[in-house]
Amino acid sequence: MIKVNKLFKIFEGRNGQAVRAVDDVSTQIAKGEVVVIIGPSGSGKSTFLRCLNGLEAFDDGQVVIDGIDLTASKTNLNAIRREVGMVFQHFNLFPHKTVLENLTLAQQVVRKRKAAEAEDKAMKLLTKVGIAEKAHEYPSRLSGGQQQRVAIARALAMDPKVMLFDEPTSALDPEMVGEVLDVMKQLAKEGMTMAVVTHEMGFAREVAHRVLFMDFGRILEDAPPTEFFTAPKEPRAQTFLKQVL
Amino acid sequence: MPAKRRAAQWPWLGLLVLILVGLAAGLWFATQRIHYEWHWARVPQYFAYHDEELQIAPVAGVVLRINPTGADSRIEIQPEGGGQPVTVTVETETLKVKAGESVAEDADLGAVRSWKIGPLTWGLWVTIWISFVSGLIGMVIGLITGLCRLSPNPTLRWLAILYIELIRGTPLLVQIFIFYFFIGTVLNLDRTVAGIGALALFVGAYVAEIIRAGIQSIPRGQSEAARSLGMSATETMIYIVLPQAFKRVLPPLAGQFISLIKDSSLVSVIAITDLTKSGREIITSSFATFEIWFTVALLYLVVTSVLSQVLFWLERRFARSD
């Protein structure tokens, strides 16, 4: 589903120094696979994830989503992004739209669906994430956990083939983390292809098919969770796990 | 249970009243010192007046008869040299001739009276519509310029910067003169078009900066979320960024449009008869200098207050989603 080949993303530092946020990353994510990306902060895992839907323009390499090359000059990035859902750390719901409108807007504008069809789809998804009763509220009236579940539903409304999660629980109060993770677990069970950047080791252990450990912009370890959490090979992965577990 | 302690307000309110009364008294004494005679009664006629249009006999002859019809009277005159009788209609109250009376040509028969709009009302209307039209055009210019100002394209960006700096760095009065005497002459523009153009260009530069600030105040995450859903840059701007930005910039925009109404008084220098120019013209005939200027100021105040109330109401409506 996703093929990444020798990906580079270089930031210009303040003193003119080039920082390689993503440094020669190559990997693949198969259809229906759940891949969790972990690593210390500043390791480039979020930047890597944002390269996958072209939100971050990368400097070299290749990203292929469902057979379409992001870098090819003919590729319409907007057309690819509608197939790749993304959930952000800070939810990024549209504050001037109700919950329902948050879900229907892109369906109507991008997918050109009729209002009734879009609303129908939206209500189904809101029921699925358990907040159908808040459909006509504005996002500011919702708790963080509810907002993040709306954000997941909003991404799902576009019928994406892949879902990217950029630290979806990092901005939440601890008691709300569970409700969001539950939605994500259900999604994984349904066979959604997912790439998740997270600090939730429990989620990684329970749901992930593979764990990628990143540091300094490189993938240092790529292993199934049982193997990674019990016997990490990389010394840096070992120290990281010692600190977080 | 102890009540919440509150400092007493009334001594300060009393002081406020005292200061205001003192100011009013000072004003009164000042006008006494220069022996100014107030003629407030002269002011209302400049809002609207009862116009008398004299009706004269078109021919010399004899009044055959007078037929009253409602408040009017139809006077039939038999011309001296014979021929068909001529009819003139006047208001009965102003009737000056009787049946059988002979009248000379151009003789005064009476008058037709009607309410006419005075120059103050007319000037007020000109000020309102000139401000409205130039505000509308300025809003469009400002929106486009604001977007260009944020464009990644250097040509668009620098054109926008140049325009904004040029307008903000020169006085409006000078811009009006340049627009009227130079551009207006080259393009053969009517003075009203030149005035509106100068005001629109002026307000556009300020609106552009307000819009730019508004767009930049919307968090990046908003457009990222929209783009991640597959929306194009334009769709993101239209559906996500601009509605939120507009809500945020409504207070500074309101201030800008209130300024525009006041600044529109400067177009009187190119002989557009707006409220200010009307005021100046009235003073030359009424000699009620102080009264007219106070009235003109009050009219501007009324217009700007109404606008600020409307925008305040709009602001509260937009605050629903907060």
Side-chain angles (χ1 to χ4, degrees), chain A residues 46 49-50 52-57 76-99 101-112 136-142 147 150-160 162-166 171, chain B residues 139 143 146-147 150-154 156-157 207 210-254 310-322:
Chain A
S46 279
L49 195 75
R50 289 156 59 85
L52 293 185
N53 67 348
L55 218 49
E56 203 82 63
N76 178 359
L77 265 184
N78 299 325
I80 293 196
R81 287 203 189 106
R82 69 181 75 151
E83 312 295 343
V84 182
M86 186 157 193
V87 176
F88 300 85
Q89 181 178 356
H90 295 290
F91 334 131
N92 296 348
L93 292 180
F94 307 133
H96 61 304
K97 304 265 178 206
T98 63
V99 166
E101 287 165 347
N102 262 277
L103 267 71
T104 53
L105 178 67
Q107 290 192 65
Q108 289 177 263
V109 172
V110 179
R111 290 273 192 213
K112 310 287 180 212
H136 297 285
E137 298 268 13
Y138 283 97
S140 54
R141 304 250 184 279
L142 272 56
Q147 289 193 43
V150 172
I152 294 174
R154 179 177 68 178
L156 289 175
M158 299 301 287
D159 294 315
V162 185
M163 285 285 283
L164 308 177
F165 293 84
D166 188 3
Chain B
M139 187 73 204
L143 185 61
L147 289 171
L150 292 170
S151 164
N153 181 322
L156 290 179
R157 196 171 60 239
V207 169
I210 292 172
I211 299 246
R212 178 187 63 84
I215 290 174
Q216 283 179 329
S217 78
I218 305 302
R220 262 184 77 88
Q222 286 294 310
S223 47
E224 283 183 353
R227 298 307 298 274
S228 82
L229 290 167
M231 288 194 199
S232 68
T234 317
E235 286 163 350
T236 302
M237 200 40 102
I238 293 172
Y239 294 106
I240 305 302
V241 178
L242 280 182
Q244 293 183 59
F246 185 68
K247 191 172 119 183
R248 285 198 191 178
V249 301
L250 207 55
L253 271 186
V310 168
L311 288 162
F312 180 62
W313 171 82
L314 211 62
E315 211 178 303
R316 269 182 310 173
R317 257 193 70 110
F318 280 140
R320 270 186 322 173
S321 60
D322 292 337

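What's counted below: heavy atoms across the whole structure, side chains too, no hydrogens, waters or symmetry copies. Throughout, a chain's letter reflects where its sequence line sits, starting with A, and its residues are numbered from 1.
In this structure the side chain of A:Lys97 never reaches within 4.5 angstrom of the side chain of B:Pro243, judged on heavy atoms. Between A:Leu105 and B:Met231 the shortest side-chain heavy-atom distance falls below 4.5 Å.
If you measure heavy-atom distances from A:His90 to chain B, you find no contacts under 4.5 Å at all. In this structure, chain B has heavy atoms under 4.5 Å from both the backbone and the side chain of A:Arg154. Heavy-atom distances place the side chain of A:Phe88, and not its backbone, under 4.5 Å from chain B. For B:Glu235, the part lying under 4.5 angstrom from a heavy atom of chain A is the side chain only. A:Val110 touches chain B through its side chain: at least one heavy atom from C-beta onward sits under 4.5 Å away, while N, CA, C and O do not. When heavy atoms are compared at a cutoff of 4.5 Å, A:Ile80 does not approach chain B at all.
Summarising the geometry, atom OG1 belonging to B:Thr236 is positioned 7.5 Å from atom CZ belonging to A:Phe94; distances are rounded to the nearest 0.5 Å. Between the CG atom in A:Asn53 and the CZ atom in B:Arg227 there is a gap of 10.5 Å [rounded to 0.5 Å]. Remark: B:Tyr239 OH to A:Gln108 CD distance equals 9.0 Å, nearest 0.5 Å. B:Leu229 contributes atom CG, which lies 10.5 Å from atom CZ of A:Arg81 (distance to the nearest 0.5 angstrom).
Among the candidates B:Arg220, B:Glu224, B:Lys247, the residue making the largest number of heavy-atom pairs closer than 4.5 Å to chain A is B:Glu224. Among A:Pro95, A:Gly85, A:Ala106, the residue with the largest count of heavy-atom pairs under 4.5 Å with chain B is A:Pro95. Counting heavy-atom pairs closer than 4.5 Å to chain A, the top residue among B:Ser228, B:Ser232, B:Pro219 is B:Ser228.
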